[in-house]
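Given the structure is predicted, the values throughout are model-derived calculations rather than measurements.
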Amino acid sequence: VYKRQVVCNLVANDQVREVVALVDTGSSDTLIDEEIARSMGIIVDTDKPFVRKLSYADRGVVCEQYVCKFTLQSLDGLCSKTIEGWTMNNLSRDSPVVDWRQRSKMIAHLKDVPFAELPENPRINMIIGCDNSGFLRFSECRGDPEDFNAPIAYKTVLGWVCIGANSGLIGSNSGHQ
């Protein structure tokens with residue numbers, strides 16, 4: 001299953017970087033990859049990491065995290081919001097990034113959806129959680145009325161996202177192709 005990912009701008013300290021964010025209604029907190037946070041200088045207090053226990057479906061993990069403050073902006077500039085999030089070391093691991101701009105051309109009900117082009121060497125750089133629920137809003141939905149399990153596209157304030165199973169569409173969970 002591919003989750004809702006969106007390409008947007010991360011803005012901080014006179015720097016703008018295109019990132020891939022996972023819009024995750026199952027996450028209570030917004031997380032950002034620690035490497036990006038450090039490189040952009042957005043950690044609020046590097047001397048004071050918080051020790052937090054994160055709960056996953058199958059386990060709990062204790063980790064050190066830092067508070068960050070940054071601005072997320074849609075690629076068209078119509079949405080811009082300064083928020084806080086937590087760092088996560090090696091956030092994306094092996095999480096796949098799907099090029100929906102290309103994949104949507106093979107799906108009749110999605111072929112006209114203007115998905116953003118992925119940045120170079122794409123990977124999930126952040127997770128937008130329910131603590132920033134305004135980014136979870138959508139104004140349009142495109143699904144296949146004849147195929148209940150077909151991928152669905154949503155237009156959010158940051159851009160178009162898509163969710164759906166990879167069965168028969170992509171063939172493997174191998175990531176960006």
Side-chain angles (χ1 to χ4, degrees), residues 1-11 16-33 36 54-59 70-81 83 85-86 88 90-177:
V1 173
Y2 291 104
K3 298 184 180 179
R4 291 170 280 203
Q5 65 187 37
V6 65
V7 179
C8 58
N9 289 322
L10 176 63
V11 182
V16 178
R17 187 176 299 179
E18 274 191 16
V19 296
V20 179
L22 181 68
V23 180
D24 188 2
T25 57
S27 180
S28 56
D29 295 326
T30 294
L31 304 171
I32 183 168
D33 187 85
I36 287 180
L54 304 177
S55 298
Y56 295 96
D58 61 342
R59 68 193 185 289
F70 51 90
T71 299
L72 278 185
Q73 181 183 69
S74 59
L75 295 180
D76 63 11
L78 295 177
C79 176
S80 184
K81 181 78 176 151
I83 62 172
W86 295 93
M88 175 65 76
N90 195 19
L91 175 68
S92 65
R93 290 192 189 180
D94 298 323
S95 297
V97 174
V98 178
D99 188 344
W100 281 109
R101 187 179 179 109
Q102 293 301 317
R103 298 288 179 190
S104 65
K105 293 176 183 175
M106 299 181 290
I107 307 168
H109 67 281
L110 299 181
K111 67 180 179 183
D112 295 327
V113 175
F115 291 104
E117 185 174 339
L118 290 174
E120 191 174 324
N121 301 315
R123 59 177 243 191
I124 304 294
N125 305 113
M126 66 182 326
I127 295 173
I128 301 171
C130 289
D131 58 337
N132 287 293
S133 60
F135 292 118
L136 307 176
R137 294 183 195 144
F138 67 91
S139 60
E140 191 175 338
C141 175
R142 294 193 194 171
D144 183 342
E146 310 227 348
D147 185 353
F148 186 76
N149 293 317
I152 302 168
Y154 298 95
K155 185 178 182 183
T156 71
V157 295
L158 289 175
W160 283 92
V161 300
C162 197
I163 187 169
N166 66 350
S167 174
L169 172 65
I170 297 175
S172 74
N173 196 15
S174 61
H176 176 66
Q177 298 179 1

query: What closest approach, in Å, do Cys79 and Val157 show between heavy atoms, and which atom pair accounts for it?
result: CB-O, 3.4 Å
message: Please check: side-chain N/O of Asn125 versus main-chain N/O of Val20, any donor-acceptor pairing under 3.5 Å?
response: yes
query: For Glu140, what residues pass the salt bridge (charged side-chain N to carboxylate O under 4.0 Å, His left out) criterion, not counting sequence neighbours?
result: Arg142
message: Holding to side chain to side chain donor-acceptor pair (under 3.5 Å), I want the full list of residues that pass it with Asp76, two or more places apart in sequence or in another chain.
response: Ser74
- line: Rounded to the nearest 0.5 angstrom, the OG-CG distance for Ser95 and Leu22 is 7.5 Å
query: Mind checking whether Thr25 and Arg4 have side chains closer than 4.5 Å, heavy atoms only?
result: yes
Shortest non-hydrogen contact from Thr71 toward Ser80: CG2-OG, 3.3 Å
- prompt: How long is the gap from NZ on Lys105 to CG on Asp99, to the nearest 0.5 Å?
  reply: 8.5 Å
- line: In short, ring pair (Phe, Tyr, Trp, His ring centres under 6.0 Å) pairs touching residues 116-158 with sequence neighbours left out are Phe138-Tyr154
message: Please report the interatomic distance CG(Asp29) to CE(Met88), rounded to the nearest 0.5 Å.
response: 9.0 Å
message: How long is the straight-line distance from SG of Cys8 back to NZ of Lys81, given to the nearest 0.5 Å?
response: 15.0 Å
query: Is the backbone of Ala153 close enough, under 3.5 Å, to the side chain of His109 for a donor and an acceptor to pair up by distance?
result: no
task: Using side chain to side chain donor-acceptor pair (under 3.5 Å) as the criterion, list what pairs up with Asp131, not counting sequence neighbours.
output: Thr30
task: With the side chain counted from C-beta on, respond yes when Gln5 and Trp100 share a heavy-atom pair under 4.5 Å apart, and no when they do not.
output: yes
- prompt: So do the side chains of Phe70 and Val11 get within less than 4.5 Å of each other, counting heavy atoms only?
  reply: no
task: Can you tell me which residue pairs pass the salt bridge (Lys or Arg N to Asp or Glu O under 4.0 Å) test with a partner in residues 111-120, sequence neighbours excluded?
output: none
- request: Using side chain to side chain donor-acceptor pair (under 3.5 Å) as the criterion, list what pairs up with Arg17, not counting sequence neighbours.
  value: Ser39
query: Can you name the closest pair of heavy atoms from Asp33 and Leu91 and give their distance?
result: OD1-N, 3.0 Å
- request: Search all heavy atoms of Gly129 against all heavy atoms of Leu136 and return the closest pair with its distance.
  value: O-CD1, 4.5 Å
- prompt: So which heavy atom on Cys162 is nearest to which on Leu110, and how close?
  reply: SG-CD1, 3.8 Å
Residue among Val6, Asn132, Asn9, Ile128 satisfying side-chain contact (heavy atoms from CB on, under 4.5 Å) with Leu72: Ile128
- prompt: Where the side chain of Glu18 meets the backbone of Val7, is there a donor-acceptor pair that is under 3.5 Å apart?
  reply: no
message: I want to check something: taking the side chain as every heavy atom from C-beta on, are Ile32 and Leu10 in contact at a cut-off of under 4.5 Å?
response: yes
